[in-house]
Amino acid sequence: MRHAFQMPVRFLLSLAALLLHAPLLANDGEATLEGHWAFRIDEATIFVFALDERDEQDGGGWEGNWTRPETVTSNGMVFRNMSGRQTVVPMEAIQRRDAVQLTFEGPQADGRRDILQFRLTGENQARLDYIGIEGEPFPLIRVQPDTPLGPFDPMRIYDRDNAIVQAEFGSEEESPESPAVMDANESETAPEDEDAPSRIDKDFLDGL
């Protein structure tokens, strides 16, 4: 009898632990993935992501976009030779338990996809799991919608180990000369010039 009573108790405790994590995606104005998130190494903003949860009357679900350098050399661990900017929208946006997953077309015409998963880790903090890229998740900090990319030093190598993991929301300085991050319904990738350099060099996937 005692053994039969303990089993439901352990089950209820496990269920309670799961429910404690449920508010991470709740749209309560505090703990939510909605908003803009930056991957920043020291003073340089490498990526900015926008995540938006649609209202139920609009069908629910998630949408977003990814603002990134137009040209970058990277293996997922270090970043260099970054310039320009482009904002792209995902092919698919879904929720997977405590994560929001965005799937983008890959940089090459080989059918490869960029699959990104976002999870809250704290107040104004999140993490990005870049599926297929080795190493620890990318730390993200919440930023303002008009946060620009950069500044980039063409002579510098930016190491992911130096990424910013925590910053006071709203403390980042805004540059009036830098273009604002576009909304998802306004963002389009400019037509590619056949003579222009590739956005990502051929060694981008060396770390895979």
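Being a predicted model, the structure only gives us computed values, none of them experimental. Residues take their numbers from the sequence shown, with the count starting at 1. Only heavy atoms go into these numbers, but all of them, side chains included; no hydrogens, no water, no symmetry mates.
- Across all non-hydrogen atoms, the minimal contact from T45 to P148 is CB-O, 3.6 Å.
- Ring centroids of F47 and W66 are separated by less than 6.0 Å, placing the two rings close together.
- Residues A93 and L102 come closest through the heavy atom pair CB-CD2, 3.4 Å.
- Among the candidates V165, V48, I141, the single residue satisfying the side chain to side chain contact (heavy atoms under 4.5 Å, CB included) test with R40 is I141.
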Under the side-chain contact (heavy atoms from CB on, under 4.5 Å) rule, what do V89 and E105 come out as? Steps first, then yes or no, please. CA-CA 9 Å; V89 295; E105 290 188 5; over 6 Å; no

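- Residues F79 and F39 bring their aromatic ring centres within 6.0 Å.
- Residues T71 and M82 have side chains not in contact (no heavy-atom distance under 4.5 Å, counting atoms from C-beta outward).
- Remark: T103 engages E92, Q101, R113, I115 in a side chain to side chain contact (heavy atoms under 4.5 Å, CB included) (not counting sequence neighbours).
- When Y130, F138, W62, F118 are each tested for a ring-ring contact (aromatic ring centres under 6.0 Å, His included) with F49, only one passes: F118.
- Applying the ring pair (Phe, Tyr, Trp, His ring centres under 6.0 Å) rule to pairs touching residues 141-166 yields nothing, sequence neighbours excluded.
- The shortest heavy-atom contact between E34 and E53 is OE2-N, 2.9 Å.
- For the atom pair D153 CG and N81 CG, the distance stands at 10.5 Å (nearest 0.5 Å).
- To the nearest 0.5 Å, the span separating CG on L149 from OG on S83 amounts to 11.0 Å.
- Side-chain contact check for Q166 versus N124: every heavy-atom pair is 4.5 Å or farther apart.
- From L140, atom CG reaches atom CH2 of W37 across 7.5 Å, with rounding to the nearest 0.5 Å.
- Here the CD atom belonging to Q117 is positioned 9.0 Å from the CG atom belonging to D98, to the nearest 0.5 angstrom.
- No side-chain heavy atom of R142 sits under 4.5 Å from any side-chain heavy atom of H36.
- The salt bridge (Lys or Arg N to Asp or Glu O under 4.0 Å) test applied to R127 returns D129, not counting sequence neighbours.
- Shown here for A44 and P151, the closest heavy-atom pair between the two residues is CB-O, 3.3 Å.
- Here CD1 of I131 is found 8.5 Å from CG of L116. Values are rounded to the nearest 0.5 Å.
- Under the rule for a salt bridge (Lys or Arg N to Asp or Glu O under 4.0 Å), the partners of E43 that lie at least two apart in sequence or sit in another chain are R156.
- A heavy-atom distance below 4.5 Å is found between the side chains of R54 and E63.
- For R160 (side chain) and E136 (main-chain N/O), a donor-acceptor pair under 3.5 Å exists by modelled atom type.
- Every residue two or more places apart in sequence or in another chain that forms a side chain to side chain contact (heavy atoms under 4.5 Å, CB included) with V78 is listed here: N75, I157, D159.
- In this structure, CD1 on I46 lies 13.5 Å from OG1 on T67, to the nearest 0.5 angstrom.
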Go through the steps for T87 and R85 under the test side-chain contact (heavy atoms from CB on, under 4.5 Å), then give the verdict. CA-CA 7 Å; T87 299; R85 69 183 286 278; 3.6 Å; yes

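- The backbone N or O of Q125 sits nowhere less than 3.5 Å from a side-chain atom of E123 that would complete a donor-acceptor pair.
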Go through the steps for V72 and R80 under the test side-chain contact (heavy atoms from CB on, under 4.5 Å), then give the verdict. CA-CA 6 Å; V72 57; R80 59 187 176 87; over 6 Å; no

